[in-house]
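A short write-up of the structure that comes next.
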Amino acid sequence: MSHLKIRPKSAFFALTPPVCLGVFLWFFFSAAGLAQIGLLPKGVGIVNYTTRGYYSQTNQYGDTMNSRIGLGHNFDARFTGETMMAGLNGPELKLLAETLQRYDQTSSAGGPALLDAIDLGTMHGDVTANVKAEIFSLAYGVAPWLTVFAAVPRVTLQTKTTLRFVRDPGGSADAIRTVLGDFAYQDLQDGLQRAANMGIADVQQNFESLKYDPVDRWSNRAMGDLRVGAQTASGAAGPEEFGGAAFYRALVMLPMGRQDDPDAFTDIPTSNGYRGVNFNTQQVFKHKSRIYAGGSLEYQYNLDAKVRRRIPVGDERAIDPERTRDVKINPGDDVEVAMMAGYAGDLVNASVRVADKRHYNDKYSGSLEGNYIQLGEESDARIGYAQWGLGFTTTNLFKRGKFIYPMMIDVGYNHPLYGIHATDERFYSVAITGFFGSAGSEGGKHSAVPGSNPVSNETKASSPVRPLKR
């Protein structure tokens with residue numbers, strides 16, 4: 001599975017190690033923690049701080065809907081005569097398989113073929129990922145009909161990996177050596193002896209010979225991609241207005257975060273390394289009872305970019321560092337459909353949102369010959385999830401002179417429902433929003449969607465739109 005640079009007495013096999021955590025944070029950063037703001041009055045701004053705590057992750061959704069596999073599934077490898085002969089366990093084990101095959105062809109002894117009988121065992125990898133995120137966002141009403149915003153996350157990441165090798169005593173190399181006895185020539189005996197003594201230390205030494213970072217622990221703290229955009233609206237949108245309202249948002253995603261490291265097996269990138277243009281439309285209907293409901297459609301077009309990767313040959317996963325190149329990525333686009341409902345009271349608001357999101361397959365290409373299809377494996381991802389939110393606002397108390405400052409505090413919980421190639425991530429969030437500036441004479445018509453009550457134009461602040469939380 002890998003073209004290894006073999007040193008004397010070093011490991012002579014390779015596994016399928018890279019943990020596909022590349023999509024782990026894709027859904028998280030698709031919104032970058034932005035509350036889907038509506039229109040602020042001209043001259044009024046908000047500043048928001050959101051913290052998200054993720055439950056420890058050990059599993060992800062697999063190749064079929066709702067199937068589950070471990071985060072370390074790409075470490076798993078079986079060492080049989082078939083996989084050794086195909087080169088999936090490294091060049092030296094392939095050489096051993098070829099030697100066994102020649103022995104089978106020349107031997108006059110009866111019984112099962114040695115190549116079919118050999119089974120060294122199975123390698124397993126257990127990976128645990130821990131993520132904590134902080135999201136900083138800012139919005140400002142530049143005109144009564146236009147609000148601009150920006151957001152960037154900062155993420156603390158950690159993975160822990162445990163490798164295990166489970167030997168198969170019935171088909172082990174040592175058992176074959178015992179059967180052959182003095183009939184095995186020296187090269188075959190040496191190869192069987194090395195195979196019989198194979199262990200985790202040899203695996204780690206093999207990784208080091210390929211200049212990969214240690215796999216046992218990895219951690220980092222990095223910024224994510226910057227998102228900058230604007231939003232406008234039409235229809236009824238004020239706190240005392242009822243009926244339908246439509247919101248239209250456009251933003252650009254600028255890669256500023258940490259990209260995937262080709263020399264690390266279990267790192268978690270905070271950036272995909274490419275730019276994107278995102279469009280969102282949201283339709284909301286608010287009843288006089290202050291209950292609202294609506295839906296949204298989001299599409300993101302992702303632009304081609306250059307990223308750094310190790311280019312595999314065939315099905316290999318542990319790849320020679322000499323095959324590291326800048327390659328072109330043609331990223332798949334993102335599409336999301338969502339429905340939401342909630343209650344917007346004077347002091348308290350509550351919401352629920354259900355969404356289905358998909359990222360289409362990434363495609364890679366480059367000048368160096370290799371298996372570029374493998375680089376895009378598991379990038380075609382889909383997840384359905386539900387979010388619940390509960391918020392408290394002091395804007396009305398501030399308006400009546402009973403609170404010193406207008407602000408909002410929101411708590412939420414995200415729960416995945418189904419998925420393919422997506423991490424089964426569950427997280428809670430706490431968001432604090434404050435206001436600055438003062439509303440001009442033109443502000444106010446579209447100052448809020450159902451979900452909060454803005455401060456009147458005579459006050460120093462106005463509330464953002466909060467029909468849903470991301």
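Using a 4.5 Å heavy-atom cutoff, the side chains of Lys288 and Ile291 are not in contact. Using a 4.5 Å cut-off on side-chain heavy atoms (C-beta onward), Phe247 and Gln231 make contact. Between Tyr413 and Arg426, the closest side-chain pair of non-hydrogen atoms falls below 4.5 Å. Between Asn371 and Tyr364 there is no side-chain heavy-atom pair separated by less than 4.5 Å. Put simply, the side chain of Leu40 reaches to within 4.5 Å of the side chain of Ile46, judged on heavy atoms. Within the 4.5 Å cutoff, side-chain heavy atoms of Asp213 are placed close to those of Asp261. The closest side-chain heavy-atom distance from Leu157 to Asn130 is not below 4.5 Å.
A donor and an acceptor atom, one from each side chain of Glu378 and His73, are located under 3.5 Å apart. Side-chain contact check for Arg227 and Asn278: no donor-acceptor pair (N or O, by modelled atom type) lies under 3.5 Å. A donor atom on one side chain and an acceptor atom on the other are found under 3.5 Å apart for Asn302 and Gln300.
Legend: residues meeting side-chain contact (heavy atoms from CB on, under 4.5 Å) with Tyr418, ordered by chain and number and at least two apart, are Met65, Asn66, Asp356, Arg382. Taking Tyr301 as the reference, nothing meets the ring pair (Phe, Tyr, Trp, His ring centres under 6.0 Å) condition, with sequence neighbours excluded.
Using cut-offs of 30° and 60° on the angle between ring planes, the pair Tyr55 and Tyr428 is perpendicular. Between Tyr212 and Phe207, the two ring planes are perpendicular [angle over 60°; tilted spans 30° to 60°]. Ring geometry, Tyr49 versus Phe136: the interplanar angle falls from 30° to 60°, so the pair is classed tilted.
Of the charged side-chain nitrogens involved, none lies within less than 4.0 Å of a carboxylate oxygen, so that Lys363 and Glu377 do not count as a salt-bridged pair. Between Asp126 and Arg164, at least one side-chain N (NZ, or NE/NH1/NH2) sits under 4.0 Å from a carboxylate O, which counts as a salt bridge. Electrostatic pairing of Asp326 and Lys306 does not count as a salt bridge here, judged by no charged N lying under 4.0 Å from a carboxylate O.
Applying the 6.0 Å contact sphere to CZ of Arg275 captures no more than 12 heavy atoms from other residues, nucleotides or ligands. Atom CG of Leu368 is surrounded by more than 12 heavy atoms from other residues, nucleotides or ligands within 6.0 Å.
Note that OH of Tyr292 and NE2 of His287 are 15.5 Å apart. Values are rounded to the nearest 0.5 Å. Rounding to the nearest 0.5 Å places OG1 of Thr122 at 4.0 Å from CZ of Arg78. Atom OH of Tyr248 sits about 11.0 Å away from atom CD of Gln282, to the nearest 0.5 Å. How far CD of Glu322 is from CD1 of Ile311: 13.5 Å, rounded to the nearest 0.5 Å.
Contacts classified as salt bridge (charged side-chain N to carboxylate O under 4.0 Å, His left out) and involving residues 56-68 (residues at least two apart or in different chains) are given here: Arg68-Asp424.
Shortest non-hydrogen contact noted between Thr270 and Met223 is OG1-O, 2.8 Å.
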